[in-house]
Structures are given as structure tokens and as C-alpha cells.
Amino acid sequence: MNIPFLSFEYMHSLMRQQAIDMFTQFYDDQYYILGKGVEIFEQEYAAYCKTKYCVGMSNGLDALFIALKTLGIGKGDEVVVPSNTYIATVLAVSYTGAIPVFAEPDSATYNITAKTIEDAITPKTKAIIPVHLYGQACEMEAILALSQKYHLFIVEDNAQAHGATYNGKITGSFGMINATSFYPGKNLGALGDSGAITTDDPMLAQKASMLRNYGSKEKYYNEIIGYNKRLDELQARFLSIKLKKIEEFTILRQQIAAWYNSALSVIPEINTPTIAKNSTHVYHLYVIRTSVRKSLQQYLKNNDIGTLIHYPVPPFLQKAYSQLKIKKNTFPLAEEFAETSLSLPIWPGMNQEMVSYISELIMKFYKQRKSF
Ligand SMILES: *Cc1c(COP(=O)(O)O)cnc(C)c1O
């Protein structure tokens, strides 16, 4: 069996006719920038996140950047980010001129916690970016309490966790202003780059909306120095179609994860993710940890199973961030995760037979190692 790391085939076949009809309409409407498709999707996504406002953005990184800019974060400020996040979270902070300060994840959930964030807070800290990594919600109540104690903004990075909840409340609705990505591979993925911010605050929504569109409310009247970070009209129209299916797709992801969990939990050499009390996990990624990652990945590749590593180098050890002068072993958990994590295929359309096949290959791999 050949199982790719990601396939859109099942999801896209379900939406194929709708997508083609949508494209015909889009083509004929002849309104290609900030048309009614963007406006409709913004309303739908805000309703989905139970926030008052959504403002569509060009991609997840831009959404994070605009969220921080909207809050006035810049030079001289510090923003706390997870030590094991994707580089985009960190880059958004750098774009504003602020300094990213890293907080370690919890070894069981892989997410930052109120405790690890508190250790990173200084008098210069202005905001915290909790990342609901791999699809599991961070412990948002404790993090919110911490933000109140120190008067900090929360900006959720919800790129990997569309639909996840903490204590029944959906991610993307906790922070002052939150950012997400609709990169095609994300749970709610478009057919190209796109993203959004969500907020309950009308002033922040308006400022974010101006910043994304040349600093203007009214065409050709520019009130602030803005950017062009607009959500594309075609992507917005496709996202409206996919949003109607997101809950169905999430249930499929959770079913696949449950199959993996029960098959892999009998292998002591593998660490499978723990779900925290009160959190739900929407399984953007199914990440295991193993000390023999390289040979397991090669073995799976030889057997036509696609895997990826999220992520092989922590952001603070990337060449791009060498100016931070952070030495190895400063954030040992993030480094350990980078050395041991392996993401297995998880996409709507995978059936139990496929998960069993992959799980049995992994079991066979460990049995062979033992017999040496
Ligand atoms: C994908 C991702 C982003 C960036 O999204 P883009 O749309 O690719 O810019 C930011 N943060 C996290 C955690 C992500 O996974």
C-alpha cells in the first residue's frame, strides 16, 4: 500500500462540483478583490469561532503580524512564544521590531503552559502567543489568568487548531485578537495562501482591516501606514464551501488518531501525544516521538509511507535567528522534540485498514531492531 503524508483526494472529491460552480460564479461576477465572497466568509468564520469579527488576511504569517501591529506591539517590546513552534510565530514578532522570548512546552502535551510562560515574562513583555500546536488547545484559562496578572495581551496562533476547544470554548476566541492560517494543508485549508484574524473588539477589527488594506477605510483615503495583506476573493469563496464540512472532517481526523493511539500505545519505544484535561485535539498532525526517528522514517519511506518532521530545527537554533545568540541546551525540551518527532499521515479519507497497515509496519520495525 502506498500512503502519502497528505492527500486532498477524499475531501476535494466531496466538494468538487460545488467548487467548480463557485469558480464559474466567481469568474462571471468580475469582482476579484475584497468582493462579497470575502465579506460572507468573514461573517461565517466569525460565527464559527463565536467571535464578533473576522478580518480575512493574505496568509497566517501576515495575520499574526497584523494582529501584533494592531495591538501596537513594536520596538522595545517582548513577546512570549513557544520554543517548539513553527518559525512563522516567531517571524511575526520580529517583523514588528519586538523581541521573541521563548517558553518551553509541556513534555506530555507539547504545548506551552502558564508555568513556562511565567518564567519568560520580564518588565518588557507585552504579549503572549499561545500556539495550539498540532491541533491541541493550550490550557487557556491558566494562560488568561496569567495575562491578567501581568497585564499582557494574548494573541492566539490558531493555524493548526480550527475547531479545538478548551473547557468547551473554541480556540481563536480567547485572545484580544487571534490569528489563523488557511494554508492548503491546514485543517481548514484553502486552494492557496490565506488567513484571518478574529476578535470581539470593534476597534481592533477596524484597525486590522485598515492595516490589511493600505491603511484606508475609504478607497484612496489613507489614514495610517498600512499594508496589502488582503484575503483573496477566490480563496474566501472556497473557504465558505469547506467551512461547512470542517466538523465532519475533524471527526474523521479524531477517529484516525484514536486508531493510531490504540495500535501504537502497546509499543513502549514510542511516545504518543497526551490530551490534557479540558482540551480537545483536532489532529492537524499526528506526531509521535522516538529515539530512532531517522531509521523509522527511512523504513516507512521504503514501504511507501509518507512522513514529515514538525519541525527538525527549533526556531531559536535556525540560522536566521543566530543574532539571538541562544546556545544549545537553553531549551532542552524543544531540542529533544526536534530530534525525536515524526508526523504520521492523517487526513480525512484514510480508513482503518490504512492506519492498521502503518501501525503494523511500525511494530515490525521495532521487532526487527530487538532481534539484532
Ligand atoms: C502554518 C502556520 C503558520 C503560518 O501560516 P501561513 O499561512 O503558512 O503563513 C503560523 N503558525 C503556525 C503554528 C502554523 O502552523
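Note that this is a predicted model, so its numbers are computed, not measured. Counting starts at 1 for both ligands and their atoms, in listed order.
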Within the 4.0 Å heavy-atom shell around A88, which atoms of ligand 1 are there? 3 (C), 4 (C), 10 (C)

Return the orientation label for the F23 and Y27 ring planes: parallel under 30°, perpendicular over 60°, tilted otherwise. tilted

Heavy-atom contact under 4.0 Å between K186 and ligand 1? yes

Quick check: G60 and ligand 1, any N/O pair under 3.5 Å apart? yes

In I121, V93, V101, I73, the residue satisfying side-chain contact (heavy atoms from CB on, under 4.5 Å) with E78 is V101

Protein contact to atom 15 (O) of ligand 1 [nearest heavy atom, distance to 0.1 Å]: Q160 NE2, 2.7 Å

E360/K364 ion pair, N-O < 4.0 Å: no

Atoms of ligand 1, numbered as shown, that sit under 4.0 Å from any heavy atom of L61: 4 (C), 5 (O), 6 (P), 9 (O)

Taking distance alone, with no angle check, do T85 and ligand 1 share an N/O pair under 3.5 Å? no

Taking only non-hydrogen atoms of S181 and a 4.0 Å limit, the atoms of ligand 1 in range are 5 (O), 6 (P), 7 (O)

Considering only non-hydrogen protein atoms, determine which one is nearest to atom 8 (O) of ligand 1 and report residue, atom name and distance to 0.1 Å. Y183 CD1, 3.9 Å

Is the ring centre of Y32 less than 6.0 Å from the ring centre of F26? yes

Quick note on ligand 1: atoms under 4.0 Å from a heavy atom of N59 include exactly 7 (O), 9 (O)

Which of the numbered atoms in ligand 1 are below 4.0 angstrom from a heavy atom of Y86? 2 (C), 3 (C), 14 (C)

Relative to the heavy atoms of V131, which atoms of ligand 1 are at a distance of less than 4.0 Å? 13 (C)

CA sep, side-chain torsions, deciding dist, call: R212, E42, salt bridge (charged side-chain N to carboxylate O under 4.0 Å, His left out): CA-CA 14 Å; R212 81 159 173 196; E42 287 174 340; 2.8 Å; yes

Whether Y286 and Y260 hold their rings parallel, tilted or perpendicular, with breakpoints at 30° and 60°: parallel

Crowding at CD1, I225 (>12 non-hydrogen neighbours, <6.0 Å): no

Between Y134 (side chain only) and H310 (backbone N and O only), is there a donor and an acceptor less than 3.5 Å apart? yes

Shortest protein contact, atom 13 (C) of ligand 1 (heavy atom only): D157 OD2, 3.4 Å

